Amino acid sequence: MENKTITVTSPLLPDLDELNVYLKDIWSSKWITNNGKYHKELEAALCKYLKVPYISLFTNGTLPLITALQALRISGEVITTPYSFVATTHSLWWNGIKPVFVDIDPSTGNMDPDRIEAAITPKTTAIMPVHVYGKPCDTKRIQEIADKYGLKVIYDAAHAFGVEVNGESILNAGDMATLSFHATKVYNTVEGGALVMHDAATKQRIDYLKNFGFAGETEVVAPGINSKMDEVRSAYGLINLRQVDAAIEARHQVAIRYREALRPVEGITFFDDMPGVKHNYSYFPIFVDAEKYGMTRDELYFKMKEQGVLGRRYFYPLISTFSTYRGLESARPENLPNAHKMADEVICLPMHHELSEEDINRILRLIV
Ligand SMILES: *Cc1c(COP(=O)(O)O)cnc(C)c1O
């Protein structure tokens, strides 16, 4: 029997007729980029939805990381996590900053706050943690350490769209937080991203930086880059914002089914929801203990792949093992045992708003 392929994710797509209404308006206005009507509208709508005071839209989720580091004049060394997508560390490299990796907490996958202080040197200027899989970091602890040593905190919140802790957006933690609206994320604008900040002056500075540093027709106030979002993708984003809650709820139902079926399976573990947290179910990682499960992570991963079920080994290999970074003192595997273990055991199961009961059963039959 020929089985259809089940992909790890599937993009949330706007209705074409709805999109067409916007496109006709954009076409007739002939204003297709440069802080147009829909760009402004999407910024306002996202502030409201995400419960954040200021946001600046970007053309992807990597440039806000690079721009936040620029805007805060971060230099020297930045403490970060090896357990993330490569863009986190690349953004430091693009600013001539030396990444300093610290290990993760195995109970969350996030940077272990207990290991931050030992990694601080006179050159340290900031901490760049990641809310991995949308699970909130211990932002209070991290802020206490940052305040004690006079460090900035920039969160890579690419996975944390809409995540709240006790009713407060996780995006308000730290000096700034970045989002990715890439096609593979919970909320997408095809490609896209954003930077969240606390005050109007910072937003103004970021808005200059993402538009070559232009502060007026003839005035350039900073060596900015071009990372603006256009009107077409802003409109696409406005439509998707209206259906993202339903998509997150559909993901939640998938997570419930996975947990129910996998809880009794010896050698397979996963994360439960955290108390007080509004999750976005952006990923569903499982961890394979080869000895207890009787099969290695890769054996299970390739068995699923052969049957057309495409999980992903996020985040394997660790960033600290890539050629650019592996020579760093902090990248030594013995410095990062928890991250290596998680990277060696993880499979992110298919997780999106269109998985059917039949899909879920097919996936589970391969694991249980
Ligand atoms: C997706 C992602 C990014 C990069 O976002 P793009 O929009 O693809 O540039 C950065 N950090 C993390 C953790 C991500 O998952």
Side-chain angles (χ1 to χ4, degrees), residues 7-12 42 46 55-70 78-95 97 99 101-102 104 108-111 126-137 139 153-163 170-171 173-174 176-196 210 225-230 233-234 236-237 240 251 279-285 311-320 322 324-325 339 342-343 346 348 351-352:
T7 50
V8 73
T9 188
S10 177
L12 187 61
L42 182 57
L46 283 169
I55 200 165
S56 183
L57 292 177
F58 278 72
T59 195
N60 61 47
T62 301
L63 283 158
L65 286 165
I66 291 173
T67 308
L69 291 162
Q70 288 264 319
V78 170
I79 294 169
T80 189
T81 171
Y83 196 76
S84 180
F85 181 62
V86 285
T88 311
T89 313
H90 283 353
S91 73
L92 300 171
W93 206 259
W94 273 76
N95 278 286
I97 294 163
F101 297 111
V102 299
I104 58 170
T108 63
N110 289 329
M111 179 189 286
I127 307 170
M128 184 177 272
V130 182
H131 303 294
V132 177
Y133 309 128
K135 289 175 71 66
C137 291
T139 56
V153 184
I154 300 166
Y155 282 99
D156 181 339
H159 301 174
F161 184 88
V163 172
I170 195 72
L171 304 173
M176 289 192 222
T178 69
L179 287 165
S180 166
F181 303 152
H182 184 258
T184 53
K185 306 299 207 267
V186 169
Y187 170 80
N188 84 87
T189 59
V190 188
E191 296 263 0
L195 196 45
V196 171
K210 76 176 181 191
I225 191 129
N226 179 11
S227 47
K228 310 182 291 288
M229 184 181 281
D230 58 81
R233 286 185 291 154
S234 299
Y236 177 112
N240 263 357
R251 288 166 173 270
H279 289 281
N280 65 4
Y281 307 97
S282 47
Y283 298 86
F284 196 90
R312 287 298 296 266
R313 289 168 290 178
Y314 298 137
F315 289 98
Y316 167 85
L318 291 180
I319 303 174
S320 51
F322 292 126
T324 316
Y325 306 114
M342 197 169 275
V346 70
C348 283
M351 173 50 92
H352 59 80

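The basis for the numbers below is simple: all heavy atoms, side chains too, and nothing from hydrogens, waters or symmetry mates. The structure presented is a predicted model; accordingly, all values stated were derived computationally and were not measured. When a ligand or atom number is given, it counts from 1 through the structure's own listing order.
Here the side chains of L65 and M128 are in contact, with some heavy-atom distance below 4.5 Å. With contacts defined as side-chain heavy-atom distances shorter than 4.5 Å, the pair F85/D156 does not qualify. Contact of the L57 side chain with the F181 side chain is registered, since non-hydrogen atoms from C-beta on lie closer than 4.5 Å.
Of all protein heavy atoms, the one closest to atom 11 (N) of ligand 1 is D156 OD2, 2.7 Å. From the protein, the heavy atom lying nearest to atom 15 (O) of ligand 1 is H159 NE2, 2.7 Å. Atom 3 (C) of ligand 1 has as its closest protein heavy atom F85 CD2, 3.7 Å. The protein non-hydrogen atom at the shortest distance from atom 5 (O) of ligand 1 is S180 OG, 3.2 Å.
Considering backbone and side-chain atoms alike, G61 places an N or O below 3.5 Å from some N or O of ligand 1. Polar contact with ligand 1: present for T62 (N/O pair, distance under 3.5 Å).
Heavy atoms of S91 stay at 4.0 angstrom or farther from ligand 1.
With 3.5 Å as the limit, one finds no donor-acceptor pair spanning the side chains of T9 and R312.
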Using atom types as modelled, flag every donor-acceptor pair under 3.5 Å from a side chain in residues 185-194 to any protein atom, sequence neighbours excluded.
residue, atom, partner, partner atom, Å
Y187, OH, G237, O, 2.7
N188, OD1, V190, N, 2.9
N188, OD1, Y236, OH, 2.9
N188, ND2, L12, O, 2.8
T189, OG1, E191, O, 2.8

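Among residues two or more places apart in sequence or in another chain, the side-chain hydrogen bond (donor to acceptor under 3.5 Å, both in side chains) test is passed with Y325 by H90.
Comparing heavy-atom distances from atom 13 (C) of ligand 1 across P64, A183, S84, G192 singles out S84 as nearest. Across the listed options A158, G134, G193, A157, A158 owns the non-hydrogen atom lying nearest to atom 14 (C) of ligand 1. Closest heavy-atom approach to atom 1 (C) of ligand 1 among the candidates K185, H182, E191: K185.
Atoms of ligand 1 found under 4.0 Å from any heavy atom of A87, numbered from 1 in the order shown, are 4 (C), 10 (C).
Ring orientation note: the planes of H131 and Y155 are close to parallel, at an angle under 30° on the 30°/60° scale. Classification of the H159-Y283 ring pair by plane angle, with boundaries at 30° and 60°, yields tilted.
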